[in-house]
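Here the structure is laid out as C-alpha cells; the discussion comes afterwards.
Counting starts at 1 for both ligands and their atoms, in listed order.
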Amino acid sequence: MLNIALPKGRLGDKVYEKFAAAGYECGLFHEPGRKLVMSCGDTGVSYFLVKPSDAAIYVERGAADIGVAGKDTLLECGCDVYELLDLGLGVCKVAVAGPVNYREDRSSTLRVATKYVNITKRYYASINREIEIIRLGGSIELAPLLGLSDVIVDIVETGATLKENGLEVFEEIMPISARLVANKASYKFNQKRIDALVAKLKGEAYDQN
Ligand code: PRP
C-alpha cells in the first residue's frame with residue numbers, strides 16, 4: 001500500500017477528485033461520517049486526511065509515503081521532502097495586506113499578524129524592514145481591524161475576504177499551489193509505483209518497465 005496524506009477540507013476534496021480521475025478511486029471517501037484513514041485495496045493506496053498544514057510533516061517523517069501540501073506550508077515548515085508535481089490546484093498567493101487607507105510609518109517597527117511566521121521573517125529580512133510578528137492561527141484579517149497589527153501576511157485567493165473587510169493587497173510575496181510531495185526513503189523504495197502515479201496524475205501513459 002502507498003500511504004497518501006491528503007489535506008482535509010475544500011482543497012482535499014479537489015485533490016481527491018484528481019486522484020480518483022487518475023484511477024486511484026476510493027469509494028469510502030464519500031461516505032458520511034468520514035473516516036480519517038481509508039484503505040482502498042484494489043488501487044494499492046490508502047488515504048489519510050490531515051490538517052493541511054500538517055501534510056508535509058506526515059510525509060517528511062514517513063508516516064505517509066506521499067502527500068499533498070500547499071507550497072505555503074512547505075516553505076513555512078521547511079520540510080525535507082521531494083516535490084514531485086505542481087497539481088495546479090489551490091492556486092492563490094501569499095501577500096502583505098492592510099487597511100485601504102493605511103500609510104506606513106517607516107520610522108517605527110511594523111506589526112505584522114500572520115500564521116506564516118517563517119515566510120514573513122524571511123520576506124521582511126530580504127527588504128531590511130524591522131518587524132514585530134503577531135502569530136495567529138486563523139481569521140488573520142481581524143488583526144488590523146482591531147488594531148492588533150498594522151498589516152497581515154496571509155493567503156489571498158479571490159480577494160473577497162480582504163475586500164469585505166476594507167483591506168487590500170500591498171505586496172505579493174509569492175504564488176502558491178498544491179504540490180505532490182514524497183518521503184525521500186519511500187520514493188527510493190517505491191519509485192516505480194510513485195512515478196506511475198505521477199504520470200497518471202499528469203494524464204500521461206507510464207511504461208512500468
Ligand atoms: C484563508 C485565508 C483568508 C482567505 C482568503 O482562510 O486565511 O482568510 O482564505 O480567501 P479569499 O481571498 O478567497 O477571500 P481560511 O478559509 O483558510 O481560514 P483561516 O481564516 O482559518 O485561515
Side-chain angles (χ1 to χ4, degrees), residues 4-19 29-30 32 34 36 47-60 64 67-79 81 83 85-102 104 110-127 129 131-181:
I4 306 178
L6 291 187
K8 274 197 263 192
R10 254 185 315 157
L11 176 61
D13 290 344
K14 285 190 209 154
V15 170
Y16 170 72
E17 294 308 330
K18 192 154 181 137
F19 276 77
F29 204 88
H30 291 298
R34 282 205 169 177
L36 290 175
Y47 294 106
F48 310 147
L49 287 173
V50 300
K51 194 174 166 191
S53 53
D54 292 341
I57 296 165
Y58 281 81
V59 174
E60 180 184 44
V68 173
K71 185 70 181 172
D72 52 335
T73 63
L74 290 171
L75 290 168
E76 187 59 24
C77 78
C79 290
V81 295
E83 201 177 299
L85 183 64
D86 183 344
L87 293 166
L89 299 170
V91 176
C92 54
K93 58 201 171 201
V94 174
V96 180
V100 170
N101 296 318
Y102 175 72
E104 185 176 334
L110 187 69
R111 297 170 307 148
V112 187
T114 191
K115 57 184 166 196
Y116 297 107
V117 171
N118 296 325
I119 291 174
T120 300
K121 278 186 186 161
R122 279 199 294 270
Y123 170 68
Y124 281 103
S126 79
I127 59 167
R129 180 71 168 103
I131 59 163
E132 177 192 350
I133 291 201
I134 297 146
R135 181 199 293 260
L136 297 176
S139 302
I140 316 293
E141 292 85 354
L142 260 179
L145 300 183
L146 301 179
L148 180 62
S149 74
D150 299 312
V151 298
I152 63 172
V153 167
D154 199 16
I155 289 289
V156 180
E157 193 178 352
T158 62
T161 312
L162 293 181
K163 201 168 172 206
E164 278 174 33
N165 292 289
L167 305 170
E168 67 181 6
V169 169
F170 296 152
E171 289 294 334
E172 293 183 11
I173 299 181
M174 63 182 72
I176 298 296
S177 57
R179 309 294 163 94
L180 180 72
V181 295

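Proximity of a side-chain donor or acceptor of Thr120 to a complementary backbone N or O of Tyr116 within less than 3.5 Å is detected. Remark: the backbone N or O of Leu110 is not paired with any side-chain donor or acceptor of Asp150 at under 3.5 angstrom.
Ligand 1 has at least one atom lying under 4.0 Å from a heavy atom of Ile155.
Atom 12 (O) of ligand 1 is approached by the protein to below 4.0 angstrom, counting heavy atoms only.
Close contacts between ligand 1 and Val156 involve ligand atoms 12 (O) [criterion: under 4.0 Å to a heavy atom].
Close N/O approach between Thr158 and ligand 1 is found [any backbone or side-chain N/O within under 3.5 Å]. The distance criterion of under 3.5 Å between nitrogen or oxygen atoms is not met by Gly137 with respect to ligand 1.
By the 30° and 60° cut-offs, the orientation of the rings of Tyr47 relative to Tyr16 is perpendicular.
Remark: minimum distance from atom 17 (O) of ligand 1 to any protein heavy atom is reached at Lys115 NZ, 4.6 Å. Counting protein heavy atoms only, atom 8 (O) of ligand 1 is closest to Glu141 OE2, 2.6 Å. Counting protein heavy atoms only, atom 2 (C) of ligand 1 is closest to Asp154 OD2, 3.4 Å. Shortest contact from atom 4 (C) of ligand 1 to any protein heavy atom: Thr161 OG1, 3.8 Å. The protein atom (non-hydrogen) at minimum distance from atom 20 (O) of ligand 1 is Ser139 N, 2.9 Å. For atom 21 (O) of ligand 1, the closest heavy atom belonging to the protein is Gly138 CA, 3.7 Å. Protein heavy atom in closest approach to atom 16 (O) of ligand 1: Arg10 NH2, 4.3 Å.
By the 6.0 Å contact criterion, CZ on Arg122 is enclosed, its count of non-hydrogen atoms from other residues, nucleotides or ligands being greater than 12. Other residues, nucleotides and ligands contribute over 12 non-hydrogen atoms within 6.0 Å of the CZ atom of Phe19. Counting heavy atoms of neighbouring residues, nucleotides and ligands inside a 6.0 Å radius, atom CZ of Arg135 does not exceed 12 of them.
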(request) Quick one: do Glu83 and Lys71 satisfy salt bridge (Lys or Arg N to Asp or Glu O under 4.0 Å)? Show the steps, please. (result) CA-CA 9 Å; Glu83 201 177 299; Lys71 185 70 181 172; 2.8 Å; yes
(request) Begin from the C-alpha positions of Ile152 and Glu141 and carry the test side-chain contact (heavy atoms from CB on, under 4.5 Å) through to its verdict. (result) CA-CA 7 Å; Ile152 63 172; Glu141 292 85 354; 4.0 Å; yes
